[in-house]
Amino acid sequence: MTTPRQTQKPSTVEALTKNPIALVAGGVALGAVIGALIPRPQQEKDLLAPVGKRLAEGATAAAAAAREAGKAEIDAILPQRDAAKEQIGKIIGSAFTAAKEAAASKTDA
C-alpha cells in the first residue's frame, strides 16, 4: 500500500528532471530575495564601489563603441544604396529618352 507522500515524491522528482531550468530559476530567485534582505556592511560598499564604477564605465564605453560601429556599417551601406538609386535613375531616364525618340521617329516617318 502506498501513502500519499510516496505518490507525490515521484511526481516532484519527475517534474524537476523534466524542467531543471525551473529549479535553477527558483534558486536564483530565492538567492536574490535573501541577498536583498541581508544588509550590506559599509566596508563592502567601500570595497565594491570602485569595481561598480569601473564596470559601469566599461559598459558605457562598450555601448558607445557598438553604436559607432553600427553607424560606420550603416554609412558603408548607404553610399552603395545611393549609387544604386542613381544608376536606376539613369537607366529609367535612358529608357524614357529612347521611348520618346522611338515615338518621334514613328511620327516623322
Side-chain angles (χ1 to χ4, degrees):
M1 185 168 164
T2 60
T3 65
R5 188 173 209 179
Q6 289 173 336
T7 57
Q8 288 178 349
K9 222 177 200 180
S11 65
T12 305
V13 171
E14 286 177 23
L16 291 177
T17 55
K18 288 182 182 176
N19 195 1
I21 294 174
L23 180 66
V24 172
V28 169
L30 182 63
V33 168
I34 292 172
L37 294 176
I38 296 174
R40 291 187 353 181
Q42 186 61 37
Q43 184 179 8
E44 180 182 346
K45 290 178 186 177
D46 293 342
L47 288 174
L48 295 180
V51 174
K53 286 180 185 177
R54 273 189 276 142
L55 287 174
E57 289 170 358
T60 303
R67 184 176 60 239
E68 291 302 319
K71 283 182 182 179
E73 287 294 321
I74 289 172
D75 290 343
I77 291 170
L78 286 180
Q80 296 171 359
R81 197 165 137 195
D82 291 339
K85 282 183 182 179
E86 287 179 26
Q87 191 67 22
I88 290 171
K90 287 178 184 178
I91 291 170
I92 291 172
S94 298
F96 184 69
T97 304
K100 274 187 2 184
E101 290 174 0
S105 66
K106 270 191 171 181
T107 55
D108 289 343

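In this chain, numbering begins with 1 at the start of the sequence shown. Values reported hereafter were calculated over all heavy atoms of this structure, with side chains retained and with hydrogens, waters and symmetry mates removed.
For the pair Arg54/Val51, a side-chain contact is recorded, criterion being any heavy-atom separation below 4.5 Å from C-beta on.
Between the CG atom in Leu23 and the NZ atom in Lys18 there is a gap of 15.5 Å [rounded to 0.5 Å]. If you take CD1 on Ile34 and CD1 on Ile38, they are separated by 7.0 Å, rounding to the nearest 0.5 Å. To the nearest 0.5 Å, atoms CD (Glu86) and CD1 (Ile91) are separated by 12.0 Å.
Annotation for Leu37: atom CG counts as buried by contact number, over 12 foreign heavy atoms lying within 6.0 Å. Atom CD of Gln42 has more than 12 heavy atoms from other residues, nucleotides or ligands within 6.0 Å.
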Enumerate, atom names and distances included, each donor-acceptor pair closer than 3.5 Å involving a side-chain atom of residues 55-73, sequence neighbours excluded.
from  : atom 1 : to    : atom 2 : distance (Å)
Thr60 : OG1    : Ala56 : O      : 2.8

